[in-house]
Amino acid sequence: MRIITTIKEMQHEAKTMIREGKTIGFVPTMGYLHEGHMSLVQKAREKNDCVIMSVFVNPLQFGPDEDFDRYPRDLKRDELLARKAGVDVLFYPHVDEMYPKELTTMLTVNKRVDTLCGESRPGHFDGVATVVMKLFQIVLPDKAYFGMKDAQQVAVIKGLVDDYNLPVEIIPCPIIREEDGLAKSSRNVYLTPSEREESTLLSQSLNAARKVIRDGERDPGLIIELVQSYLKQTSGTIDYVEVLSYPELQPVNRINEEVIIAVAVQFSAARLIDNTMALRSEKAIGV
Ligand code: AMP
């Protein structure tokens with residue numbers, strides 16, 4: 001596995017791969033890798049000749065009061081895990097390499113961001129869209145792999161790719177969970193032992209919601225109440241519980257087609273998000 005830290009070298013390497021007729025699968029991450037990230041690598045390996053993973057904690061997508069400085073970082077560990085998973089190139093640029101000067105152009109996401117994390121993290125998805133656009137120009141991937149753990153991110157990136165006719169296929173991948181149901185996340189290390197126990201209520205609430213929808217419930221209001229009844233048992237603060245169309249992320253009056261049920265709970269030092277799809281795309285997305 002090669003580790004590349006400069007844009008010039010990364011672009012050169014990607015162009016060489018393309019010239020050699022190889023396809024590139026790309027897995028963008030912020031590092032502190034876990035099985036969720038690894039599942040994306042595995043999918044990328046199945047369908048591409050080369051796998052490029054980026055590890056970059058992108059300051060543009062963190063608000064002033066968010067955890068950019070204390071976001072967990074451990075390159076040595078990431079390096080080992082990436083190598084073991086079969087990554088060919090680990091792209092690990094410094095912030096000054098990605099943003100040597102103030103950007104002349106910044107992307108603004110207009111749709112799919114007035115709800116969920118977009119509502120509670122203003123500007124977050126502008127930062128995500130901007131860095132993903134930049135990374136795509138550097139890595140030149142055929143396919144890019146994103147986890148449905150961040151379902152709103154997938155919706156936003158799909159919009160970006162459609163809007164600008166980017167020649168990359170976005171592959172959404174299912175959420176990888178701990179045995180007790182907690183969605184794997186780099187931020188889980190910030191949960192206290194008691195919060196860690198309570199955190200299983202997120203996935204339990206979503207499973208309960210899926211079950212009642214499967215059994216015929218069609219009222220989103222009742223689903224939201226059901227999910228809230230679980231989350232209220234935690235010591236955290238509920239940030240949101242929503243039932244929305246996907247990927248448009250619009251409120252629905254009745255659950256007649258595929259919907260996403262998405263939650264966010266703020267614990268003392270970690271904000272957890274989770275979601276599930278109900279009805280049609282349950283099968284399509286494999287969750
Ligand atoms: P992050 O490093 O948190 O920015 O995540 C990098 C990529 O891994 C994103 O596409 C995430 O959606 C994905 N990811 C993170 N956690 C999981 C998980 N538990 N299951 C599947 N994908 C995940």
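The analysis underlying the following values was restricted to heavy atoms, covering all of them including side chains, and did not include hydrogens, waters or symmetry mates. As the structure lists them, so they are numbered: ligands from 1, and atoms in each ligand from 1. Please read all numbers here as calculations on a predicted model, not as lab measurements.
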Proximity of [X] to ligand 1 by residue part, where a heavy atom lies under 4.0 Å:
| X | value |
| --- | --- |
| Val154 | neither |
| Arg177 | neither |
| Pro28 | backbone |

Shortest protein contact, atom 16 (N) of ligand 1 (heavy atom only)
His34 CE1, 3.2 Å
Starting from atom 10 (O) of ligand 1, find the nearest protein heavy-atom neighbour and note its residue, name and distance.
Gly147 N, 2.9 Å
For atom 11 (C) of ligand 1, which candidate among Asn58, Val41, Asp150 provides the closest heavy atom?
Asp150
I want to confirm something. Looking only at heavy atoms, which of Phe146, Phe56, Tyr71, Tyr32 is nearest to atom 3 (O) of ligand 1?
Tyr71
Between ligand 1 and [X], is the shortest N or O to N or O distance under 3.5 Å?
| X | result |
| --- | --- |
| Lys184 | yes |
| Cys173 | no |
| Thr29 | no |
| Ile175 | no |
| Ile176 | yes |

Using the rule given for salt bridge (Lys or Arg N to Asp or Glu O under 4.0 Å), can you reason through Arg271 versus Asp239, listing the C-alpha separation, both sets of side-chain angles and the distance that settles it, and then say yes or no?
CA-CA 9 Å; Arg271 181 173 170 280; Asp239 185 351; 3.0 Å; yes
Between Arg218 (side chain) and Ile213 (backbone), is there a donor-acceptor pair under 3.5 Å?
yes
Before giving the answer on side-chain contact (heavy atoms from CB on, under 4.5 Å), spell out for Phe56 and Met30 the whole-Å C-alpha distance, their side-chain angles and the decisive distance to 0.1 Å.
CA-CA 5 Å; Phe56 180 62; Met30 297 203 298; over 6 Å; no
Apply side-chain contact (heavy atoms from CB on, under 4.5 Å) to residues Glu217 and Ile255 and explain how you reach the verdict.
CA-CA 8 Å; Glu217 182 56 64; Ile255 303 172; over 6 Å; no
